[in-house]
Amino acid sequence: MSILSVNNVNKSFAGLKALNQVNLEVEEGSVHAIIGPNGAGKSTLLNCFVGRLIPDTGTVNFLGQSLLGITPHAINQAGVARVFQTPEIFGDLTLLENVKIPTLAKRDGAFSLRAWSRIDQDSLVTDKAEHILEDVGLIEKRDILAGSLSRGDKRRLELAMCLVQDPKLLLLDEPTAGMSRADTNNTIDLLKRIGERGITKIVIEHDMHVVFSLATKVSVLAQGTVIAEGAPEDMKGDPRVQEAYLGGAHL
Amino acid sequence: MTKQPTARNDLLLMAVFTLAILTMPIWAAPFGAGYPDLLQKFAIYGLFAVGFNILFGLTGYLSFGHAAFLGVGSYTAVWSFKLLSMNVIPAVIFGMMTSGLFALLIGYVSLRRSGIYFSILTLAFAQMSYNLAYSVLTPITNGETGLQLAIGDARILDNMFASEAATAIPATNLFGIEMSGYPGFYFCAALLIIGFYIALRITRSPLGTILKAIKSNQNRMNYTGLNTRPYTLTAFVISGMYAGLAGCLLAVTDPLAGAERMQWTASGEVVLMTILGGVGTLLGPVLGAGIIKYFENIFSSYNDQVLHGIFAFLPDPIENVLVAITGLFVGDGWHLTLGALFMVIVIFLPGGVIEGFTRLYSWVRAKVKQDAGGNSVNNGKSQPQSAE
């Protein structure tokens, strides 16, 4: 069964066609990689899934419900979490507080007024937050400010913030961009472990090493259109993909 | 590691704060600030700044129009004295209600933008309110003269129980206790302590953490399933109600209300107080308010004669030069002193006076540790403690 289905989506910016009749079916439980050269429309497509952009035409359905015109926070409440290209975390808050925010969002909804209880005495939230920090290996840093973390740790934290909400769909926008090889491998390991939770994931990635170690299915996007789709091994040798990547130096 | 405040630490903080405020008439006296008029101002503007900090320090929205709520609170309180009763309780309740409603209206519109645009919108609203109070709304505000009490006011509640008509304008009171002098100060002080406690609870609550997160990263917030708009509006209304309460208390201790209370300089003043004391800290705004009101009263009362007295021990020519220079910074020119102080603080202590205390504390700690012998175990707490 597909968790996310994209039908004939078009999106233009000032006459430039960023997405051209895109169709995509993301199977539940799969790790679906979207690859393609710079400017292929990968990020634009992702932004259509989270409510940042609204397609000009076409439909985006998540679990049978249209996502068009729904605000980002409502889409998150429906079960879609997102990791950004540059980790977006709360730099002025401690790691524990960082994870508590999405935990509160999951438990109390988009708005609730809890102005009188102490957050540190909310054992339900604290337990959950500490547990997830343990999972990603950041528990000993729980009381330091998130802004002072290394990039790799920031990414871990951001993942923890997404995972604590038990999302149905996790969107990863270049999760290893700008990382050292060691950090990249750590992140791959972490993502593989998350895979055991059975969360459906969409990964946008440049690094083919990451794609082939994680993905169960690959869609290749070029000039706003899906030009090829299939298992990672098949995509490796596909001439259309080679051409899109100008000789396929990456492959 | 930042040390996390626990419930016990907060209880201690509250106890110390309460004690410090209640004994203020005693310890402020040696500084020449031990008279009720000034003490009342400390408490009132402290309350104003504590509320302002919930919006600015916690949520990260810099409002340049909070004086409007101060003015609304004052006008409402005076109307409550005129129409209902000289008792301060209804004045305080109605003052907070009207300022809260007014904040809901202005906040709803202004919070559509953030950053500088939000600041400009609030400034525009406050200046509009100020000009309206001066002109169109004269029937309500009594324009330039300001809203004052009169012998012939209705005072419905008071007159129901009064046996004879008043022969003079009665004083504001709390069930018979006149709200001038020290009783007035203690009434304001009690409300400051309650207001401070509420701000403390909000800071430590899930709401407070969410507000801090909004300040830290709105983008992440949007993709975390929380709707930021109602949260920022809540912070705006709460801080508007604090400002309204402060405005009420200004009218309680001196029952008149004028439009100049809503002017942008008054809005700017509370920004200065908060930054001077320490943005985002609990105690900072109260300290900042105290410092600014203290300087305003002390330095503005100095004149050339006082200065001649101070420098009398020097030879005449030097004395005259010094008086001529320092004279610029006192009396009407006390704003120069404030400006210089503000610049020094912002440049050297961006975290305000509180940061100064924190640095001093950790410096002394390190010094003590050093003197105690270099072999003491560093337990990882050598970094400055959060001063809240």
Side-chain angles (χ1 to χ4, degrees), chain A residues 50-52 71-84 86-98 100-122 125 140-148 158 161-162 164-165 167 171, chain B residues 1-11 14 54 57-60 197-235 237-239 241 279-281 351 380-381 383-386:
Chain A
V50 292
R52 183 180 259 185
T71 54
H73 65 83
I75 290 179
N76 175 277
Q77 288 286 349
V80 181
R82 173 179 187 177
V83 163
F84 286 80
T86 4
E88 292 275 357
I89 50 164
F90 304 117
D92 308 319
L93 270 58
T94 66
L95 266 67
L96 194 62
E97 284 174 321
N98 264 275
K100 277 180 180 177
I101 299 286
T103 317
L104 286 168
K106 171 83 177 173
R107 191 188 67 183
D108 299 339
F111 178 68
S112 82
L113 264 185
R114 286 173 187 263
W116 205 248
S117 61
R118 289 186 68 94
I119 193 169
D120 53 2
Q121 285 173 357
D122 194 328
V125 171
E140 68 279 8
K141 293 181 178 168
R142 46 174 278 177
D143 286 331
I144 70 169
L145 296 183
S148 62
E158 199 187 25
M161 291 163 75
C162 290
V164 79
Q165 296 188 314
L171 308 176
Chain B
M1 289 272 169
T2 25
K3 199 159 173 281
Q4 294 307 301
T6 63
R8 254 189 71 204
N9 290 348
D10 286 341
L11 204 67
M14 265 327 286
I54 291 177
L58 217 52
T59 322
Y197 182 62
I198 293 173
L200 175 81
R201 290 302 298 242
I202 291 175
T203 308
R204 303 285 186 252
S205 72
L207 172 69
T209 315
I210 288 168
L211 294 180
K212 273 197 287 181
I214 290 174
K215 181 185 181 182
S216 184
N217 190 341
Q218 284 242 16
N219 193 31
R220 173 35 85 194
M221 211 60 187
N222 286 329
Y223 296 96
T224 304
L226 291 166
N227 191 358
T228 52
R229 192 73 64 74
Y231 283 108
T232 48
L233 189 57
T234 306
V237 170
I238 291 173
S239 76
M241 286 172 81
V279 183
T281 63
K381 281 185 182 170
Q383 278 195 7
Q385 220 175 324
S386 151

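By convention in this document, chain letters (A, B, ...) are assigned in the order of the sequence lines, proteins followed by strands, and residues within each chain are numbered from 1. Since the structure is predicted, the reported quantities are computational estimates derived from the model, not experimental observations.
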| said: Which residue in the set A/Arg52, A/Glu88, A/His73 passes side-chain hydrogen bond (donor to acceptor under 3.5 Å, both in side chains) when paired with B/Tyr223? | reply: A/Arg52
| Hey, does A/Ile101 have a side-chain heavy atom less than 4.5 Å from the side chain of B/Met221? | yes
| request: Go through A/Gly51, A/Ala105, A/Gly147 and name the one with the most non-hydrogen pairs under 4.5 angstrom from chain B. | output: A/Ala105
| query | Which bit of B/Ile238 comes within less than 4.5 Å of chain A, counting heavy atoms only: side chain, backbone, both or neither? | reply | neither
| message | Under a 4.5 Å cutoff for heavy-atom pairs, which residue among A/Ala81, A/Ser112, A/Ala78, A/Gly109 has the most contacts with chain B? | response | A/Ser112
| Inter-residue atom distance B/Arg204.CZ - A/Trp116.CH2, 0.5 Å rounding | 13.0 Å
| remark: Nearest heavy-atom contact between B/Pro206 and A/Ser117 is CD-O, 3.2 Å
| field | Pairs of heavy atoms under 4.5 Å with chain B: top-ranked of A/Gly91, A/Ala146, A/Ala110, A/Ala74 | value | A/Ala110
| query | Roughly how far, to the nearest 0.5 Å, is the CG atom of A/Asn76 from the CG atom of B/Asn227? | reply | 11.5 Å
| request: Any chance you could lay out the side-chain contact (heavy atoms from CB on, under 4.5 Å) test for B/Arg229 and A/Phe111, step after step, and finish with the verdict? | output: CA-CA 9 Å; B/Arg229 192 73 64 74; A/Phe111 178 68; over 6 Å; no
| note | Between the NZ atom in A/Lys106 and the OG1 atom in B/Thr224, the distance rounded to the nearest 0.5 Å is 13.0 Å
| Hey, mind stepping through B/Lys212 and A/Leu93 against side-chain contact (heavy atoms from CB on, under 4.5 Å) and telling me if it holds? | CA-CA 8 Å; B/Lys212 273 197 287 181; A/Leu93 270 58; 3.9 Å; yes
| Between B/Asn222 and A/Arg82: side-chain donor-acceptor atoms closer than 3.5 Å | no
| remark: chain A shares the most heavy-atom pairs under 4.5 Å, among B/Thr234, B/Leu207, B/Asn217, with B/Asn217
| field | Donor-acceptor contact below 3.5 Å, side chain B/Arg220 vs main chain A/Ile89 | value | no
| remark: Under 4.5 Å to a heavy atom of chain A? For B/Thr228 that would be neither
| remark: Ranked by heavy-atom pairs below 4.5 Å to chain B, first place among A/Lys100, A/Arg118, A/Gln77, A/Arg114 goes to A/Arg118
| request: Identify which part of A/Val83 has an atom lying under 4.5 Å from any heavy atom of chain B, answering side chain, backbone, both or neither. | output: backbone
